[in-house]
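Structure first, then comments.
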Amino acid sequence: MLHRICVIAAGTIIAGTGSAQLADDAYPEGAAIPKGLTDAETAVLAASPLTAARSAGIPTGNVRSVAEYEPMEGILIAYEGPSSWRAVLRDMGRHITTTGDANLYVMCDSTNEAATAQAEFVAAGAAPSRVITKVRRTDTIWMRDYGPRYIYENGVRAIVDHTYNRPRPNDNLLPSFWGADRGEEVYTIPLVHGGGNYHLDALGGGASTSLIEDENPGLTDSQIIDLWRDFQGVETTLFDALPAFVDSTQHIDMWMQIAADDVIVISDWPLEPTSSWDTTCDAAAADFAAAGWTVIRTPAIRQGGTHYTFTNVVMCNDIVLVPEYDNISATYSQQAFAAWESAVPSKTIIQVDCDAIVTASGVMHCIVMHVPENSAGPDPVAWLIEPAGGVYDPGETVDITWRTDDDNGVVAVELLFQAQPFEPFQPIAENIADTGSFTWTLPDVNTQSGVLRVVARDAEGREGGDDADALISITGSSCLVDVNGDGFVDPADFNAWVIAFNTNGTGCDQNDDGVCTPADFNAWVLNYNAGC
């Protein structure tokens with residue numbers, strides 16, 4: 001059930017291409033740019049309202065979004081903000097690269113900053129080989145709101161990008177840079193959005209607050225939900241946003257975190273038990289409980305104009321980084337620690353002092369983006385995209401397109417074709433570069449059962465492959481089957497044919513006399529020729 005309260009918005013934000021942008025000097029190095037809008041940004045957006053960037057295409061493969069509690073290759077951050085904020089990043093990085101067993105990808109504005117960041121993380125105790133710096137200018141530390149959100153498309157990692165709801169040009173363009181740098185497809189979902197206002201599980205469920213309606217006034221709720229379904233393969237529930245005077249971001253990650261397929265941690269407000277924001281959290285907790293989830297409550301405190309949240313955590317493989325605050329009673333940090341131990345008993349709960357950053361309206365979840373591991377672990381993944389079946393003439397050319405993925409990178413690709421069932425696959429191209437496309441001249445064969453295959457190989461010799469979604473038909477003249485590929489149809493083909501049949505588990509007794517003999521091969525060839 002969806003509960004509604006009055007949403008007190010910080011202002012209608014419509015962002016996208018063609019927007020007025022603040023100059024780079026609006027985000028000086030070391031500045032404490034808050035997660036919410038600055039006065040200058042509010043003025044820019046008021047003077048030049050924007051629309052979301054249009055989509056150039058949507059995913060066509062089978063899409064599954066990746067939950068934060070799933071295996072991660074790394075965590076992506078921007079090395080921004082004052083020294084106290086960077087100290088929080090370094091503390092997080094130490095745990096992520098050691099106990100968390102993940103890479104830390106650090107976006108830096110310059111080569112000098114990259115060298116400094118590398119040295120500072122290592123000095124703080126991070127694993128040196130796991131701190132990976134990238135030189136690409138960013139405006140702010142708030143990576144969750146503008147960074148790349150991952151999906152698996154037919155098992156291959158891809159990125160869904162949105163229009164950042166802030167006029168921060170370098171931040172907004174970061175996912176395009178990241179995708180190009182890693183060779184990953186980037187899809188643009190036509191939504192104005194801040195990524196912290198979305199949580200999802202690994203089973204196709206998602207949650208956001210009604211802030212998304214205010215940011216996209218030209219879309220209905222159902223249209224917004226449809227977009228997330230099309231691009232991310234999820235069914236999204238919209239919950240009430242907390243009032244802006246309670247939480248200026250109105251993002252769901254400030255009061256909710258999905259911890260497992262059926263476990264969720266939701267804020268409770270012990271000092272304000274009758275408030276509308278406590279009612280919102282209670283109602284969401286009741287909805288999840290009614291749906292069969294285990295709901296764990298953790299305290300949330302407002303003090304001195306700051307929202308101290310304990311749901312804004314970083315899950316990374318076997319660890320959960322949970323905020324700890326000295327500015328409020330230690331009792332609440334202790335209660336939060338116990339709540340997270342109860343929510344994910346198999347993980348190590350690590351508290352990180354976040355007093356320095358929480359006053360800027362965000363905590364640890366707000367400053368990271370998750371990079372999932374390859375869907376097949378150490379093995380390559382391949383997806384043959386085109387052609388997905390079809391009827392062709394001999395000598396016709398067709399572009400074969402594919403995508404691959406691997407934990408350390410694909411070093412070679414092989415393209416293969418099987419003209420008839422039980423024939424060996426014959427090479428179209430061997431040991432070629434993983435360019436994603438190859439022009440194939442179709443052979444002079446007659447088949448309605450051709451199978452096209454792509455095989456990806458990594459440096460360790462591991463392989464992963466994929467076949468076209470439908471059979472390939474070629475209207476050629478050749479009907480005889482050269483099973484062993486020596487250029488002749490002769491008794492040697494019989495042995496290869498028997499091996500192919502038995503390897504496929506079908507047997508080779510074509511004439512039903514109880515044994516496999518050359519007569520079966522002749523019967524098969526006759527039957528095949530009769531169909532030409």
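Since this is a predicted model, take the numbers as computed values, not measurements. Only this structure's heavy atoms are used, side chains among them; waters, hydrogens and symmetry mates stay out.
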Has the side chain of [X] got a donor or acceptor atom that lies under 3.5 Å from a matching backbone atom of [Y]?
X: N216; Y: L219; answer: no
X: S48; Y: V44; answer: no
X: N312; Y: D253; answer: yes
X: T42; Y: T38; answer: yes
X: D201; Y: L203; answer: yes
X: R297; Y: V295; answer: no
X: T280; Y: S276; answer: yes
X: D145; Y: G196; answer: yes
X: T404; Y: A456; answer: no
X: N103; Y: Y105; answer: no

Between [X] and [Y], is any pair of side-chain heavy atoms under 4.5 Å apart?
X: W178; Y: R136; answer: no
X: V358; Y: P323; answer: no
X: I301; Y: P270; answer: yes
X: V156; Y: W402; answer: no
X: H199; Y: I264; answer: no
X: E80; Y: W85; answer: no
X: Y150; Y: V160; answer: no
X: M107; Y: L174; answer: yes

Exercise for review: Classify the angle between the aromatic ring planes of F239 and F288 as parallel (below 30°), tilted (30 to 60°) or perpendicular (above 60°).
Suggested key: parallel
Going by an N to O cut-off under 4.0 Å, is there a salt bridge joining [X] and [Y]?
X: R166; Y: D139; result: no
X: D181; Y: K134; result: yes
X: R168; Y: E41; result: yes

**Study point:** Those residues that, when tested against Y325, pass ring-ring contact (aromatic ring centres under 6.0 Å, His included) (two or more places apart)
**Key:** Y308, F310
Can I get a per-line list of side-chain donor-acceptor pairs under 3.5 Å for residues 344-351, giving both atom names and the distance, sequence neighbours left out?
{"from": "K347", "atom 1": "NZ", "to": "N317", "atom 2": "O", "distance (Å)": "2.6"}
{"from": "Q351", "atom 1": "NE2", "to": "S333", "atom 2": "O", "distance (Å)": "3.0"}

Check your understanding: How far apart are the C-alpha atoms of I225 and S222, what are their side-chain angles, what is the distance that settles it, and do they pass the side chain to side chain contact (heavy atoms under 4.5 Å, CB included) test?
Key -> CA-CA 5 Å; I225 290 169; S222 62; 5.6 Å; no
Practice item. Could you go through the side chain to side chain contact (heavy atoms under 4.5 Å, CB included) check for L104 and R130 one step at a time? Key: CA-CA 6 Å; L104 185 73; R130 286 195 174 275; 5.9 Å; no
Whether the [X] and [Y] side chains hold a donor-acceptor pair (N or O, under 3.5 Å, no angle test) is what I'd like checked.
X: Y69; Y: D261; answer: yes
X: T140; Y: D171; answer: yes
X: T439; Y: D399; answer: yes
X: N327; Y: D355; answer: yes
X: T236; Y: Y198; answer: yes
X: S55; Y: T188; answer: no

Minimum-distance pair of heavy atoms, taken over all atoms of [X] and [Y]:
X: I212; Y: V192; value: CD1-O, 3.4 Å
X: A300; Y: W269; value: O-CE3, 3.5 Å
X: V410; Y: D405; value: CG2-O, 4.0 Å
X: T138; Y: A78; value: OG1-CB, 3.6 Å
X: S65; Y: L200; value: CB-CD2, 3.7 Å
X: M256; Y: I266; value: CG-CG1, 4.3 Å

Point-to-point distance, once rounded to the nearest 0.5 Å, from [atom1] of [X] to [atom2] of [Y]:
X: R64; Y: Q232; atom1: CZ; atom2: CD; value: 12.5 Å
X: L45; Y: N165; atom1: CG; atom2: CG; value: 8.5 Å
X: I367; Y: L76; atom1: CD1; atom2: CG; value: 11.5 Å
X: T401; Y: I385; atom1: OG1; atom2: CD1; value: 4.5 Å
X: D268; Y: T311; atom1: CG; atom2: OG1; value: 12.0 Å
X: C366; Y: R144; atom1: SG; atom2: CZ; value: 8.5 Å

Exercise for review: Begin with the C-alpha distance, continue with both residues' side-chain angles, and end with the deciding distance and a verdict on side-chain hydrogen bond (donor to acceptor under 3.5 Å, both in side chains) for Y27 and N170.
Suggested key: CA-CA 10 Å; Y27 306 100; N170 295 305; over 6 Å; no
Check your understanding: Mind checking whether H365 and H251 have ring centres under 6.0 Å apart?
Key ->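 No: the rings miss the under 6.0 Å criterion.
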Practice item. Tell me whether the centres of the aromatic rings in W277 and F245 are closer together than 6.0 Å. Key: yes
Revision key, fill the gap. With R157 as partner, the option from E73, E185, E373 fulfilling salt bridge (charged side-chain N to carboxylate O under 4.0 Å, His left out) is E73
Exercise for review: Decide side chain to side chain contact (heavy atoms under 4.5 Å, CB included) for R453 and D466; before the verdict, give the C-alpha distance in whole Å, the side-chain angles of both, and the deciding distance to 0.1 Å.
Suggested key: CA-CA 6 Å; R453 174 174 293 174; D466 185 41; over 6 Å; no
Practice item. Show your working on side chain to side chain contact (heavy atoms under 4.5 Å, CB included) between V234 and R229 and close with a plain yes or no. Key: CA-CA 5 Å; V234 292; R229 180 187 301 118; 6.0 Å; no
Check your understanding: Of W228, F231, Y164, which meets ring pair (Phe, Tyr, Trp, His ring centres under 6.0 Å) against H193?
Key ->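 The residue from W228, F231, Y164 that satisfies ring pair (Phe, Tyr, Trp, His ring centres under 6.0 Å) with H193 turns out to be W228.
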Review point. Could you walk me through whether S248 and S361 pass the side-chain hydrogen bond (donor to acceptor under 3.5 Å, both in side chains) check?
Key: CA-CA 7 Å; S248 63; S361 303; 3.1 Å; yes
